[in-house]
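Just passing along the structure, written as structure tokens.
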Amino acid sequence: MNKLVSLICGIIFGIGLVISEMINPEKVLGFLNIFRDWDPSLAFVMIGALIISTPVFHLFKNKDKPLFSSNFSIPTNKEIDKKLIVGSIFFGAGWGLIGLCPGPAITSLALLNISSGIFVASMFVGFYIAIKIK
Amino acid sequence: MNIVNFTPLSALTGGFLIGLSVALFFILNGRMIGISGIASSLLTSNDKKIENFLFLIGLIIGPLIYNLFLGKEINISISNSLILLIIAGAMVGFGTRLGSGCTSGHGISGISRFSLRSIIATLTFMIVGIITVFISGIL
């Protein structure tokens with residue numbers, strides 16, 4: 001059952017990325033362009049998502065178990081370490097260069113766009129390098 | 001600063017769907033969504049591989065369903081050079097895996113949990129993204 005849930009949640013997430021236009025790199029770059037012509041829309045994507053996910057998380061986190069799985073798995077790492085900061089700096093720079101982050105990049109593969117394909121392939125190379133050195 | 005192309009309603013609607021997906025995945029499967037984590041897990045050995053792979057397939061089916069039911073074309077333009085796509089893609093992959101999260105994992109799931117780690121990560125990649133766009137605009 002949780003495989004079906006995964007597929008459906010992926011579909012909902014993907015449609016959300018399309019409707020919010022996060023799938024469009026120009027929209028993302030417009031959001032990051034706060035010193036010139038700023039498009040604040042993506043702040044509303046985050047607000048919209050957090051309004052739903054935050055109360056749901058806190059309402060359910062202390063329940064015994066999720067509906068289709070034996071236990072909740074919630075990240076426990078609380079350390080603010082070098083990996084977190086250096087990783088986020090690399091990510092922010094790559095994100096600002098093109099305007100694609102992992103979710104929208106993978107979702108945009110649906111449009112059969114060669115640029116998205118190249119970006120996603122390189123992203124997996126990046127994952128691989130990080131896994132190897134971590 | 002000028003405000004341009006502001007579309008708060010579609011942004012909020014899309015955001016609700018993203019939040020709904022995160023909420024359902026947590027209530028039903030017990031996990032918090034982080035797309036860089038889900039995607040990069042395909043390269044490691046773990047017992048959630050099929051579940052994760054199906055989530056990514058869902059992401060790709062999403063736009064197709066949207067297009068099928070609403071009949072609206074989805075237009076995006078990426079006009080960057082090949083070399084820039086490769087460098088940026090590799091940086092995004094490397095950075096999100098090293099920093100254990102991206103816009104979804106830290107920016108939505110982590111902030112939902114009030115995780116300080118995720119709040120700091122989100123501020124870091126947002127500020128660096130803003131600086132990068134600012135510098136690209138000068139060059």
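As a basis for the values below, the full set of heavy atoms in this structure was taken, side chains included, without hydrogen atoms, waters or symmetry mates. Residue numbering restarts at 1 for every chain, and letters A, B, ... go by the order of the sequence lines.
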Do A/L100 and A/I89 share a hydrophobic cluster, counting only Ile, Leu, Val, Met, Phe, Trp and Tyr and linking them when any side-chain heavy atoms are less than 4.5 Å apart? no
Please give me the minimum heavy-atom distance between B/I60 and A/A110, naming the atom from each residue. O-CB, 3.2 Å
Let me check something: do B/L43 and A/I133 share a hydrophobic cluster, defined by ILVMFWY side-chain heavy atoms less than 4.5 Å apart, either directly or through other members?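 Yes; A/I133 is reachable from B/L43 via cluster members.
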For residues A/L50 and B/G107, report the shortest heavy-atom separation together with the two atoms involved. CD2-O, 4.2 Å
Most contact-rich option vs chain A, by heavy-atom pairs under 4.5 angstrom, among B/K72, B/K48, B/R113, B/H106, is B/R113
Evaluate the side-chain proximity of A/N77 to B/S100: yes if any heavy-atom separation is below 4.5 Å, no if none is.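 The answer is no, as the side chains (C-beta and beyond) never meet within the 4.5 Å cut-off.
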As an exercise: rank A/V56, A/L7, A/I15 by heavy-atom pairs under 4.5 Å with chain B and give me the winner. A/L7
Whether over 12 other heavy atoms sit under 6.0 Å from A/Y128 OH: no
Measure B/I120 against the heavy atoms of chain A and call it side chain, backbone, both or neither at under 4.5 Å.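 Side chain of B/I120 only, per the 4.5 Å heavy-atom cut-off to chain A.
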Taking B/I130, B/L54, B/N29 one by one, which has the highest count of heavy-atom pairs under 4.5 Å against chain A?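 Option with the top pair count is B/N29.
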In B/V92, B/T96, B/I86, the residue satisfying side-chain contact (heavy atoms from CB on, under 4.5 Å) with A/M123 is B/V92
Side chain / backbone / both / neither for B/S118 at chain A, heavy atoms under 4.5 Å: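 For B/S118, there is no contact with chain A at all, as no heavy atom is under 4.5 Å.
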Please state whether the rings of A/F13 and B/F55 are parallel, tilted or perpendicular, taking 30° and 60° as the class boundaries.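 The rings of A/F13 and B/F55 stand perpendicular, inter-plane angle above 60°.
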With ring pair (Phe, Tyr, Trp, His ring centres under 6.0 Å) as the test, would you mind laying out the steps for B/F26 and A/F57 before giving the verdict? CA-CA 7 Å; B/F26 184 65; A/F57 173 77; 5.0 Å; yes
Expected output: side-chain B/R97 to main-chain A/F124 donor-acceptor under 3.5 Å: no
I want to check something: taking the side chain as every heavy atom from C-beta on, are A/V5 and B/L24 in contact at a cut-off of under 4.5 Å? no
Top contributor to chain A interface from B/I61, B/I74, B/V22 [non-hydrogen pairs under 4.5 Å]: B/I74
Out of curiosity, does A/F91 fall in the hydrophobic cluster containing B/L123 (side-chain heavy atoms, cut-off under 4.5 Å, transitive links)?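 Same hydrophobic cluster.
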Go through the atoms of B/I33 and report whether side chain, backbone, both or neither lie under 4.5 Å from a heavy atom of chain A.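 Side chain only.
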Do you know which two heavy atoms are closest between B/S36 and A/P102, and how far apart they sit?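 B/S36 and A/P102 have their closest heavy atoms at CB-CG, 4.0 Å.
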Check: A/I80 main-chain N/O paired with B/R117 side-chain donor or acceptor under 3.5 Å: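 Not at all, since once roles are kept as given, no pair shorter than 3.5 Å links the two residues.
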Option that, when pairs with chain B are counted at under 4.5 Å, heavy atom only, ranks first among A/S122, A/G96, A/P75: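 Result: the option with the highest number of such pairs is A/S122.
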Measure distances from A/K78 to the heavy atoms of chain B and classify the residue's part below 4.5 Å as side chain, backbone, both or neither.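 It is the backbone, since no side chain atom gets that close.
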Taking every non-hydrogen pair under 4.5 Å, which of A/G14, A/C101, A/G103, A/P40 racks up the most with chain B? A/P40
Rounded at 0.5 Å granularity, tell me how far CG in B/L59 sits from CG in A/L17.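 Answer for the CG-CG pair, B/L59 versus A/L17, is 6.5 Å.
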When only pairs under 4.5 Å are counted, which of B/S77, B/G105, B/G95, B/G89 shares the most heavy-atom pairs with chain A? B/G89
Are B/F125 and A/F35 connected in the hydrophobic side-chain network, where two residues link if heavy atoms are under 4.5 Å apart?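 They do share one cluster, since a chain of ILVMFWY contacts under 4.5 Å joins B/F125 to A/F35.
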Atom of A/G92, atom of B/V128 and distance for their closest heavy-atom approach: C-CG1, 3.8 Å
With a 4.5 Å cut-off on heavy-atom pairs, point out which of A/V28, A/V125, A/I23, A/I51 contacts chain B the most. A/I23
Please report the interatomic distance CG(B/L98) to CG(A/L84), rounded to the nearest 0.5 Å.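 Taking CG in B/L98 and CG in A/L84, the distance rounds to 9.0 Å.
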So how far is it from A/S53 OG to B/M32 CE, rounded to the nearest 0.5 Å? 6.0 Å
Could you go through B/Y66 and A/I19, starting from their C-alpha distance and side-chain angles, then the distance that decides it, and tell me whether this counts as side chain to side chain contact (heavy atoms under 4.5 Å, CB included)? CA-CA 9 Å; B/Y66 172 86; A/I19 292 179; 3.6 Å; yes
Quick check: does any side chain N or O of A/S41 sit under 3.5 Å from a backbone N or O of B/T7, one acting as donor and the other as acceptor? yes
Please assess A/W95 against B/T103 for the test side chain to side chain contact (heavy atoms under 4.5 Å, CB included), listing each intermediate value before the final yes or no. CA-CA 10 Å; A/W95 191 36; B/T103 337; 4.2 Å; yes
To the nearest 0.5 Å, atom CG of B/L82 lies from atom CD1 of A/I118 at 5.0 Å
Under 6.0 Å from the NZ atom of B/K49, do we count more than 12 heavy atoms belonging to anything else shown? yes
Quick one: what part of A/P104 sits under 4.5 Å from any heavy atom of chain B, side chain, backbone, both or neither? neither
Considering the options A/L97, A/N33, A/I34, which one meets the side-chain contact (heavy atoms from CB on, under 4.5 Å) requirement together with B/V133? A/N33
Relative to chain B, which of A/I12, A/L32, A/N71, A/V18 shows the most heavy atom pairs under 4.5 Å? A/L32
Any link between B/L64 and A/L111 through a network of hydrophobic side chains (Ile, Leu, Val, Met, Phe, Trp, Tyr) touching at under 4.5 Å? no
Decide if the gap between the ring center of A/F127 and the ring center of B/F94 is smaller than 6.0 angstrom. no
Looking at B/L28, B/L85, B/I35, which makes the most heavy-atom pairs under 4.5 Å with chain A?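 Option with the top pair count is B/L28.
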Chain A contact via B/I65 - which portion, at a heavy-atom distance below 4.5 Å: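 For B/I65, side-chain heavy atoms alone lie under 4.5 Å from chain A.
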Could you report the tightest heavy-atom contact between A/P25 and B/I78, atom names first, then the distance?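 Heavy atoms only, the tightest pair is CG-CG1, 3.7 Å.
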Can you tell me how far CD1 of A/I74 sits from OG of B/S109, rounded to the nearest 0.5 angstrom?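 That separation rounds to 11.0 Å.
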Partners of B/S41 by side-chain hydrogen bond (donor to acceptor under 3.5 Å, both in side chains), sequence neighbours excluded? B/N52
Side chain, backbone, both or neither of A/S116 within contact of chain B (heavy atoms, under 4.5 Å):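 Looking at A/S116, backbone and side chain both touch chain B.
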Assert top hit (heavy-atom pairs under 4.5 Å, partner chain A, pool B/L17, B/I76, B/T122) equals B/I76
Go through the structure and list residues passing side-chain hydrogen bond (donor to acceptor under 3.5 Å, both in side chains) with B/N2, not counting sequence neighbours.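 Listed in chain order: A/D37.
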Name the member of A/K65, A/E79, A/M22 that forms the most heavy-atom pairs with chain B at distances under 4.5 Å.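 Most heavy-atom pairs within the cutoff with chain B belong to A/E79.
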Main-chain N/O of B/N5 paired with A/K27 side-chain donor or acceptor, under 3.5 Å: yes
Measure distances from A/V45 to the heavy atoms of chain B and classify the residue's part below 4.5 Å as side chain, backbone, both or neither.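 Its backbone and side chain both get close to chain B.
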When you look at CG of B/L68, are more than 12 heavy atoms from neighbouring residues, nucleotides or ligands closer to it than 6.0 Å?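 Counting neighbours around CG of B/L68, more than 12 heavy atoms of other residues, nucleotides or ligands fall under 6.0 Å, so yes.
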Checking heavy atoms, do the side chain of B/N75, its backbone, both or neither come under 4.5 Å from chain A?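 The backbone, not the side chain.
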Euclidean distance, A/S6 OG relative to B/R31 CZ, rounded to 0.5 Å: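 Between B/R31 CZ and A/S6 OG, I get 6.5 Å after rounding to 0.5 Å.
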Of the non-hydrogen atoms in A/R36 and B/F134, which two are nearest, and what is the gap between them?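 That closest heavy-atom pairing would be NH2-O, 2.8 Å.
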